[in-house]
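Below, read A as the first sequence line, B as the second, and so on, with proteins coming before strands; counting in each chain starts at 1. As the structure is a prediction and not an experimental result, all values here were calculated from the model.
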Protein chains: 2
Amino acid sequence: MSRQRSERATLSDVAAMAGVSPITASRFFNEPTRVGAEASARIRAAVEALNYVPNLTAGGLASARSRVVAMVVPNISGPIFAPTLQALSDGLAEQGLQLLLASSYFSSEAEERAVRAFMGWNPAALVLTSRFHSPATERLIASAGHPVIETWDLAPRRRAFQIGFSHRQVGRDAASYLIDKGHRRIGFVHNIATGDFSAQERFEGYAEVMQAHGLEAWGHAPTATDPMDAGAQALSTLMARKRQRPHALIFANDNLACGAVLAGRRQGLQLPQDLAIFGFGDYAFADKLLPSLSTIRPPAQAIGATAAQLIKALTHRDDATGKPPKRVHELSCTLMARESA
Amino acid sequence: MSRQRSERATLSDVAAMAGVSPITASRFFNEPTRVGAEASARIRAAVEALNYVPNLTAGGLASARSRVVAMVVPNISGPIFAPTLQALSDGLAEQGLQLLLASSYFSSEAEERAVRAFMGWNPAALVLTSRFHSPATERLIASAGHPVIETWDLAPRRRAFQIGFSHRQVGRDAASYLIDKGHRRIGFVHNIATGDFSAQERFEGYAEVMQAHGLEAWGHAPTATDPMDAGAQALSTLMARKRQRPHALIFANDNLACGAVLAGRRQGLQLPQDLAIFGFGDYAFADKLLPSLSTIRPPAQAIGATAAQLIKALTHRDDATGKPPKRVHELSCTLMARESA
DNA sequence: TTGTATGCGTTATCAG
DNA sequence: CTGATAACGCATACAA
């Protein structure tokens, strides 16, 4: 009947060697102040001798709370979310928490699968990207026994914690910057990816400022499927106009803007004299283009770091004076004024 | 004595509602073929009704094997490892496995901490980056009850599974390419990061080919701390030489090469006529520079995908014909011939 | 195809 | 400051 016991030492082995009860050994790890100095020393020695590694699965089961934080991002390898992941991972490592990761590719079905699996881990917290979820996901997170943090977008009215920035403000800032530079005919080039709600909000911010200045707001939607191609296409189409040729273009993201910059140079355009180009994202290549790309950098790293801090505050609330953490954390973007606009 | 039971439905709840024993419900998830059609239907209904989510912590404890794969990478947000992570994560998601992640920043202490914590999860597999570990880490993985996969570098003699490519061959390919183009005075610009053993291997491959052609192999080590600055510095220093000015430079990575390209243009150099520039990595900006950067692309995505396949083969070995998976998987890089060389 | 008995390694609870 | 006991929710082993 005896099932496979692993070779590894258990807490009981450590306790036996140290001459204490298992629970005391357990406290050595979780509440060290409650263990006497001599006992601590003996336990420490036993841990060393047996090369003991705590079984986190067992601990998670017993305590109904595991030492992982789960995060769902649209993608891992893109230029956008990686800094957030890195900062979150680093902040969690300091707290002895691990990061459990899944990518959704902007699909709410994939997000739902990931969230469902994550719930099975009883994570210390669940971090999501954006606030748009399937109904089933909404139900899952509503019944979750742990904090849920939504990042990047901000939806102040939602129940989950929010860490992000205002895309609308990004649109406003871009438009204001270009207007201040003296541009008047300023267009907006939409993203090709469907379901990019945040790009739409940037457009609205842009439109708001344009109208406030009595200028016409208009959007152009390229059809190419590759972002760089789409940016080039937009530039060619719009600059081929006989009249009402734009003075400046705001692109939904830096990939599109990069395509436009490269195409503009290929066509012999003087940038930014003939056309100012403005992006969003401050991707890694933005400062390496010629001309370098003016754009807005989202607080990607700060979002991850703030999430880690928030999780710390939420999990250690007992030893603080009980002040509940802020529910909405609005961070600000940075306008990177470079050569292209 | 009764401790806090979570609100969530358990497998027993599902079983009770479906009128079967818990173990049958368990089999519904793990060995569906062994459950009768009627029972399956009732269990499925109960799962839906109770919104049941399997507790993976409990399952992991009971089976001594959890549905996670742990990976340690030097960094998450850099241009190098992100595609590997993405491919691994995607491949694992198909198998119902989750990815547990930590970054080491090239520190073997940080790697050791991460590996130690990961062992506590009884992961289905542990994936490491590179083969250089602290002695304690070596001991940990030697006693691990699960497969260990080392990626990027190749060390055929090690016990762990290996998935990677030959850095030496990268150095050979770069040198051969430049020699074929007619260059003779070809230098190598070293990385500023200490502990980048693989860059040293690329240098050795380059030196080997140079010597085989009766050409002198030499390395230059810039001192600037920022990679882009270091690349620019190397270019300035070497092109300022009165005699023996180089015809071509191989840089330890694309960041250095990018710094050189930008500095070269700023100084009015004609690239590649005055100097051919060759990188390594094929970072996102490589094809966006002017001139676009000739470089070698490592099989980052393939490494992640291969790791996922290997894990599948290792965990499902029972139902196959038992052919043990290959231990060493050597993948090949792609030379991206562009404008800079 | 289904069920019974038992244990995985840890922590919560209560008692000293 | 320390310990005895009883779970946590599930899967393994064996039996039917």
Side-chain angles (χ1 to χ4, degrees), chain A residues 1-16 18-43 46-47 50 52-68 117 119-122 124 145 318, chain B residues 1-16 18-43 46-47 50 52-67 117 119-122 124 145 315 318:
Chain A
M1 189 55 58
S2 81
R3 61 208 294 171
Q4 217 118 283
R5 277 197 55 156
S6 82
E7 309 278 314
R8 294 209 335 245
T10 71
L11 194 56
S12 298
D13 299 332
V14 170
V20 298
S21 75
I23 186 64
T24 302
S26 171
R27 284 198 269 259
F28 171 79
F29 289 101
N30 301 321
E31 308 166 274
T33 57
R34 289 187 52 191
V35 179
E38 293 174 24
S40 288
R42 289 203 308 275
I43 294 170
V47 166
L50 297 172
Y52 170 70
V53 177
N55 184 324
L56 299 174
T57 330
L61 177 58
S63 68
R65 182 67 76 250
S66 71
R67 301 201 63 73
V68 290
M119 306 285 277
W121 282 107
N122 282 101
D318 36 22
Chain B
M1 190 55 57
S2 81
R3 60 210 291 175
Q4 215 117 284
R5 277 197 52 159
S6 81
E7 310 277 313
R8 293 203 344 237
T10 72
L11 194 56
S12 297
D13 298 333
V14 171
V20 298
S21 76
I23 186 60
T24 302
S26 171
R27 283 199 269 259
F28 172 79
F29 288 101
N30 301 321
E31 307 166 273
T33 57
R34 289 188 51 192
V35 178
E38 292 174 25
S40 288
R42 289 203 308 275
I43 293 170
V47 166
L50 297 172
Y52 170 69
V53 177
N55 184 325
L56 300 174
T57 334
L61 177 59
S63 68
R65 184 66 75 251
S66 72
R67 299 200 64 73
M119 305 287 276
W121 282 105
N122 280 105
T315 50
D318 36 24

_Without decimals, in angstroms, what is the distance between Ile23(A) CD1 and dA7(D) P?_
15 Å
*Expressed in angstrom and rounded to an integer, what is the separation of Leu11(B) atom CG from dT4(C) atom P?*
14 Å
*Which nucleotide in the list dC10(D), dA12(C), dT10(C) gets nearest to the side chain of Asn55(B)?*
dC10(D)
*Output all residues satisfying side-chain hydrogen bond (donor to acceptor under 3.5 Å, both in side chains) with Ser66(B), sequence neighbours left out; order by chain, then residue number.*
none
*asked:* The criterion is side chain to side chain contact (heavy atoms under 4.5 Å, CB included); which residues satisfy it with Glu38(A), sequence neighbours excluded?
replied: Arg42(A)
*Between P of dC8(D) and CG of Leu56(B), the distance in whole Å*: 18 Å
_Residues which pass side-chain hydrogen bond (donor to acceptor under 3.5 Å, both in side chains) with Ser21(A), listed by chain and number, not counting sequence neighbours_ = Thr24(A)
*Side-chain N or O of Ser21(B) less than 4.0 angstrom from OP1 or OP2 on dG3(C)?*
yes
*Partner set under side chain to side chain contact (heavy atoms under 4.5 Å, CB included) for Arg67(B), not counting sequence neighbours*: Leu97(B)
_d(CG, Leu61(A); C1', dA11(D)) in whole Å_ = 12 Å
*asked:* dT10(C), OP1 or OP2 - any side-chain N/O from Tyr52(A) closer than 4.0 Å?
replied: yes
_Please give me every residue in residues 25-42 of chain B whose heavy atoms get under 4.0 Å of an atom in DNA chain D, ordered by residue number._
Ser26(B), Asn30(B)
*Take Ser12(B) and Val20(A), find for each the nucleotide of DNA chain D with the closest heavy atom, and name the residue whose nucleotide sits nearer the 5' end.*
Val20(A)
*Partner residues of Ala117(B) under the side chain to side chain contact (heavy atoms under 4.5 Å, CB included) criterion, sequence neighbours left out*: Gln98(A)
*Can you label the angle between the Trp121(B) ring and the Trp121(A) ring as parallel, tilted or perpendicular, going by 30° and 60°?*
perpendicular
